[in-house]
Amino acid sequence: MNTYTFDEINIGHKEDFTVTVTEADRDRFREITGDINPLHNDPKFAKSKGHDKCVAFGMLSASYLSTLAGVYLPGKNSLIQKTEVNFRKPVYVGDTLTISGEVTDKSETFNVIEVKVLITNQDGVKVVKGKMEIAVVE
C-alpha cells in the first residue's frame with residue numbers, strides 16, 4: 001500500500017494495477033448488491049442481447065477505482081470525494097483489467113488531487129473512463 005502525502009504527488013503522477021475478473025467476484029458482487037438482472041446471471045438472456053456470455057456488473061469494474069485510490073494513488077491517505085465513470089464496453093468473467101490513474105490537477109486549498117482514470121481489458125480496449133477527486137488526508 002502506498003502512503004503518498006499531498007506534497008509527494010505531482011501532476012502527471014501515474015499508478016496502475018491489474019486484476020482478473022472471476023466468477024467468484026461476480027457471484028460475491030451479486031450477493032452483496034442483490035442485483036439479479038439476467039444480463040449478469042443468465043447466459044441465454046445475455047446471448048439474446050448480443051453477448052457471447054454474461055456481462056460482469058459495471059459497478060464491479062468501477063469498484064476497482066476504490067482500490068486505485070485506497071491502495072495506489074495516494075494509497076493509505078486517500079478519501080474519495082467524487083467519482084465520474086463512463087462505461088464504454090462490457091466486461092466479462094475472465095477478462096484481465098488494467099486500472100490506471102494519472103494526476104491531472106492539484107488543489108492546495110483542500111489537499112485534493114484530480115485523477116484521470118482508465119480501465120482497459122487484456123486486448124487494450126477501453127472499458128471504463130472517468131475521473132476522481134481524492135482528498136489526501138494526513
Side-chain angles (χ1 to χ4, degrees):
M1 174 180 297
N2 291 330
T3 57
Y4 294 115
T5 65
F6 184 78
D7 290 337
E8 292 173 323
I9 298 169
N10 296 306
I11 293 174
H13 185 127
K14 296 178 183 180
E15 295 285 343
D16 64 67
F17 68 99
T18 302
V19 64
T20 299
V21 179
T22 67
E23 280 189 44
D25 295 334
R26 184 200 58 207
D27 294 346
R28 283 191 304 256
F29 193 87
R30 179 180 53 241
E31 290 171 18
I32 290 167
T33 64
D35 184 347
I36 57 170
N37 185 297
L39 184 64
H40 308 299
N41 304 298
D42 181 345
K44 289 180 184 176
F45 182 84
K47 281 187 184 241
S48 77
K49 300 300 178 191
H51 300 279
D52 291 336
K53 54 186 175 179
C54 292
V55 176
F57 298 92
M59 293 306 290
L60 172 60
S61 301
S63 73
Y64 295 118
L65 298 178
S66 179
T67 305
L68 178 67
V71 177
Y72 295 95
L73 186 59
K76 182 178 179 180
N77 296 322
S78 73
L79 181 60
I80 297 171
Q81 302 291 305
K82 182 178 181 179
T83 302
E84 296 177 16
V85 294
N86 295 305
F87 300 102
R88 312 272 302 202
K89 298 285 183 181
V91 171
Y92 302 98
V93 167
D95 281 356
T96 298
L97 305 177
T98 299
I99 298 89
S100 58
E102 178 180 354
V103 177
T104 57
D105 198 12
K106 288 178 69 172
S107 171
E108 294 183 18
T109 305
F110 299 107
N111 279 14
V112 171
I113 58 174
E114 184 174 287
V115 178
K116 177 177 70 174
V117 296
L118 179 64
I119 302 177
T120 56
N121 68 14
Q122 65 280 353
D123 299 318
V125 174
K126 296 175 184 177
V127 296
V128 176
K129 281 181 66 173
K131 67 180 178 177
M132 300 175 76
E133 291 178 8
I134 307 165
V136 184
V137 294
E138 301 169 29

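The figures here come from the full heavy-atom set of this structure, side chains too, leaving out hydrogens, waters and symmetry mates.
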Return the minimal non-hydrogen interatomic distance between [X] and [Y], and the atom names on each side.
X: Val115; Y: Gly101; value: CG1-CA, 3.7 Å
X: Lys116; Y: Thr104; value: CB-CG2, 3.8 Å
X: Lys131; Y: Val117; value: N-CG2, 3.6 Å
X: Gln81; Y: Ala135; value: NE2-CB, 3.7 Å
X: Asp35; Y: Asn41; value: O-ND2, 3.8 Å
X: Val91; Y: Asp95; value: CA-OD2, 3.6 Å

[atom1] of [X]: more than 12 outside heavy atoms within 6.0 angstrom?
X: Phe110; atom1: CZ; value: no
X: Lys106; atom1: NZ; value: yes
X: Asp52; atom1: CG; value: no
X: Lys14; atom1: NZ; value: no

Validation row: [X], [Y] side chains within 4.5 angstrom (heavy atoms):
X: Phe87; Y: Val127; answer: no
X: Pro74; Y: Ile134; answer: yes
X: Lys126; Y: Thr120; answer: yes
X: Tyr72; Y: Asp16; answer: no
X: Glu138; Y: Asn111; answer: yes
X: Ile119; Y: Leu65; answer: yes

Pairwise distance [atom1]([X]) to [atom2]([Y]) - rounded to 0.5 angstrom:
X: Asp25; Y: Thr20; atom1: CG; atom2: OG1; answer: 9.0 Å
X: Lys49; Y: Lys44; atom1: NZ; atom2: NZ; answer: 15.5 Å
X: Glu15; Y: Glu102; atom1: CD; atom2: CD; answer: 11.5 Å
X: Asn77; Y: Met1; atom1: CG; atom2: CE; answer: 10.0 Å
X: Ser78; Y: Asn2; atom1: OG; atom2: CG; answer: 10.5 Å
X: Asp105; Y: Glu133; atom1: CG; atom2: CD; answer: 9.0 Å

Okay, side chain of [X], backbone of [Y]: is any donor-acceptor separation there less than 3.5 Å?
X: Asp123; Y: Val125; answer: no
X: Ser100; Y: Leu118; answer: yes
X: Gln122; Y: Thr96; answer: yes
X: Asp27; Y: Ala24; answer: no
X: Glu114; Y: Val112; answer: no

Given the rule that I, L, V, M, F, W and Y join up when any side-chain heavy atoms are under 4.5 Å apart, are [X] and [Y] in one cluster?
X: Tyr64; Y: Met132; value: yes
X: Val19; Y: Val93; value: no
X: Ile9; Y: Leu79; value: no
X: Val55; Y: Phe57; value: no

Worksheet item: Do Phe45 and Leu39 pass the side-chain contact (heavy atoms from CB on, under 4.5 Å) test, and can you show the C-alpha distance, the side-chain angles, and the key distance before you say yes or no?
Response: CA-CA 6 Å; Phe45 182 84; Leu39 184 64; 4.2 Å; yes
Worksheet item: Given the rule in the side-chain contact (heavy atoms from CB on, under 4.5 Å) test, do His40 and Phe29 qualify, once you have shown the distances and angles that lead to the verdict?
Response: CA-CA 11 Å; His40 308 299; Phe29 193 87; over 6 Å; no
Worksheet item: How are the rings of Tyr4 and His13 set to each other: parallel, tilted or perpendicular (split at 30° and 60°)?
Response: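 Judged by the thresholds at 30° and 60°, the geometry between Tyr4 and His13 is perpendicular.
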Item to complete: List the steps and the verdict of side-chain contact (heavy atoms from CB on, under 4.5 Å) for Thr67 and Ile99.
Response: CA-CA 9 Å; Thr67 305; Ile99 298 89; over 6 Å; no
